[in-house]
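Below is one structure; the comments refer to it alone.
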Amino acid sequence: MSVGTSGAPGARPTGCPPAPRPGEPAGPDTRIDPDDLPDGLVVADEHGRVIRCNAAAERITARRAAEVLGETLEKALPLEDLEGRRWWQLTDPYGGLAIRNRQPERNLLLPGGREVLVSARYVRQRPTGPVSRVVVTLRDTEARRRTERSHAELIATVAHELRSPLTSVKGFTATLLAKWERFTDDQKRLMLETVDADADRVTRLIAELLDISRIDSGRLELRRQPVDIGAAVGRHIQAYVAAGQSADRFLLRLAQPLPDLWADPDKVDQVLSNLIENAVRHGEGTVTIDITPAPSPREGEDTGTSVTVSDEGPGIPEESMNRVFTRFWRGSKRGGTGLGLYIVKGIVEAHGGTITVGRGPRGGAEFRFTLPVSAPAYLA
């Protein structure tokens, strides 16, 4: 932020706190210690010798500040670009163009091949004057690498999951077009039903990808309205019974009275669908759904609604509990993208809620999510 100055003699810069009067205590010290910065900081003087090296730079370069202070910048930071060229000889901050005042961030290599993100600022006392300071920032690339690996895994997973249904769709449609007259009506219906199911699978996968993109970018939109959570669970149970599951396999326990819940009904339905499907597919015995009032996870609200889905299967191993809501976690059984619970957590948290996993009273997996009431202000 630029600071303006007044033309009056003795005027202080606009925006600066007033100096304390004699006898008054000084205000709080707002200066930042370079060692508190999350990025590495190395500063060289007008002669190119290091005069400052903060704690983060020590960690990134694996050299103590006491060792590098007084060394030339080139010796203290022997950086090379990805083609093996020495960086400071290439950029020549002290003898290069007089109009240059910075180097944009780029990937460079430290000795041993460790990648770091480096940017530099050339400080001049006057435009086109000699360089009086070179300020270098260093950033570890490990976090960026993890993100890139995660994106690569996501692309590979999506490509794999898309290949199977699209191959099926292509195979059946090509066969029907080439040999339509040779098939009976029942055979045609069976093939078209398979194509329809595979198309639904592709649609679901694309919807998952869109959800992940919105969750990761913080752009997941919620259309809040009153939600009857008991009725929503009941619809899922009825759908499973209609598909052939025994009605005795499900137990819905609904505490009364429940607070009015304002949430996105489609997103809540998506959470319930995923949790109940996991319990049916991977669990055993009775699938129990408990709906109860609970303390709100959101500050300023007293009550919320809690939904617990548990089964009587083998449960989730203790060592896997902390990975359940990460991308690509599939548990002991293969199948699916492993993205469902990651999306569930994102939806619940977008509502201001919380979700946990544990072991149920009968040994199976137990998922519990709590949503704040989130009633509009005019109803409060």
Checklist outcome for this item: dist Leu138:CG -> Ile60:CD1 (nearest 0.5 Å) comes out at 5.5 Å
Item to check | Gap separating the CD atom of Gln225 from the CG atom of Asp266, nearest 0.5 angstrom | outcome: 7.5 Å
Checklist entry - Hey, does the side chain of Glu312 reach the backbone of Gly364 with a donor-acceptor pair shorter than 3.5 angstrom? => result no
Next on the checklist: If only side-chain N and O atoms count, and only distance matters, is there a donor-acceptor pair under 3.5 Å linking Arg63 with Thr61?
Outcome noted: no
Item to check | Working for side chain to side chain contact (heavy atoms under 4.5 Å, CB included), residues Val42 and Leu73 | outcome: CA-CA 9 Å; Val42 177; Leu73 196 55; 4.1 Å; yes
Next on the checklist: With a sphere of 6.0 Å drawn around CZ of Arg106, does it hold more than 12 non-hydrogen atoms of other residues, nucleotides or ligands?
Outcome noted: yes
Item to check | Between CD on residue Gln270 and CG on residue Leu272, distance to nearest 0.5 Å | outcome: 10.5 Å
Next on the checklist: I need the Asp211 CG to Ile347 CD1 distance, nearest 0.5 Å.
Outcome noted: 5.5 Å
Item to check | Verdict with supporting geometry, Asp81 and Arg85, salt bridge (Lys or Arg N to Asp or Glu O under 4.0 Å) | outcome: CA-CA 5 Å; Asp81 66 12; Arg85 296 175 295 184; 2.7 Å; yes
Checklist entry - Do other residues, nucleotides or ligands put more than 12 heavy atoms under 6.0 Å from the CZ atom of Arg114? => result yes
Checklist entry - Is it true that the side chains of Ser132 and Glu46 contain a donor and an acceptor less than 3.5 Å apart? => result no
Checklist entry - In terms of hydrophobic clusters joined by side-chain contacts under 4.5 Å, are Ile215 and Leu210 together? => result yes
Checklist entry - In terms of side-chain geometry, is the basic nitrogen of Asp264 or Arg223 positioned less than 4.0 Å from the acidic oxygen of its partner? => result no
Next on the checklist: With rounding to the nearest 0.5 angstrom, report the CZ to CD distance, Arg49 to Glu74.
Outcome noted: 12.0 Å
Item to check | Test log, rule side chain to side chain contact (heavy atoms under 4.5 Å, CB included), inputs Val357 and Phe325 | outcome: CA-CA 9 Å; Val357 61; Phe325 296 110; 4.0 Å; yes
Checklist entry - When you check the side-chain N and O atoms of Asp216 and Tyr342, is any donor under 3.5 Å from an acceptor? => result yes
Checklist entry - Where do Ser296 and Thr303 land on the side-chain hydrogen bond (donor to acceptor under 3.5 Å, both in side chains) test, with the steps shown first? => result CA-CA 5 Å; Ser296 174; Thr303 58; over 6 Å; no
Extract all donor-acceptor atom pairs below 3.5 Å that involve side chains of residues 166-173 and protein atoms in other chains or at least two apart in sequence.
{"residue": "Thr167", "atom": "OG1", "partner": "Arg163", "partner atom": "O", "Å": "2.6"}
{"residue": "Ser168", "atom": "OG", "partner": "Asp198", "partner atom": "OD2", "Å": "2.5"}
{"residue": "Thr173", "atom": "OG1", "partner": "Val169", "partner atom": "O", "Å": "2.7"}
{"residue": "Thr173", "atom": "OG1", "partner": "Lys170", "partner atom": "O", "Å": "3.1"}

Checklist entry - Are any side-chain N or O atoms of Asp35 and backbone N or O atoms of Ala55, one a donor and one an acceptor, separated by less than 3.5 Å? => result yes
Next on the checklist: For a salt bridge (Lys or Arg N to Asp or Glu O under 4.0 Å) check, start with the C-alpha distance between Glu349 and Lys345, then their side-chain angles and the critical distance, and finish with the verdict.
Outcome noted: CA-CA 6 Å; Glu349 291 181 346; Lys345 184 173 186 286; 2.7 Å; yes
Item to check | Flag if over 12 foreign heavy atoms under 6.0 Å of CZ, Arg139 | outcome: no
Checklist entry - Given the rule in the side-chain hydrogen bond (donor to acceptor under 3.5 Å, both in side chains) test, do Arg249 and Ser246 qualify, once you have shown the distances and angles that lead to the verdict? => result CA-CA 6 Å; Arg249 182 156 190 211; Ser246 169; over 6 Å; no
Checklist entry - Leu252, Phe367: one ILVMFWY side-chain cluster at the under-4.5 Å cut-off? => result yes
Next on the checklist: Taking CD in Glu319 as the centre, count heavy atoms belonging to other residues, nucleotides or ligands within less than 6.0 Å. Is the count above 12?
Outcome noted: yes
Item to check | Exercise: identify the closest heavy-atom pair between Ala263 and Val268 | outcome: CB-CG2, 3.8 Å
Next on the checklist: Can you tell me how far apart CZ (Phe250) and CG (Asp311) are? Round to the nearest 0.5 Å.
Outcome noted: 11.0 Å
Item to check | Residues Arg52 and Asp45 bridged, charged N to O under 4.0 Å | outcome: no
Checklist entry - How would you list, by chain and number, every residue that makes a salt bridge (Lys or Arg N to Asp or Glu O under 4.0 Å) with Asp36, sequence neighbours excluded? => result none
Next on the checklist: Can you pull out every ring-ring contact (aromatic ring centres under 6.0 Å, His included) where at least one residue sits in residues 93-128? Sequence neighbours excluded, please.
Outcome noted: none
Checklist entry - For Gly358, does its backbone N or O pair with a side-chain atom of Arg368 as donor and acceptor, under 3.5 Å? => result no
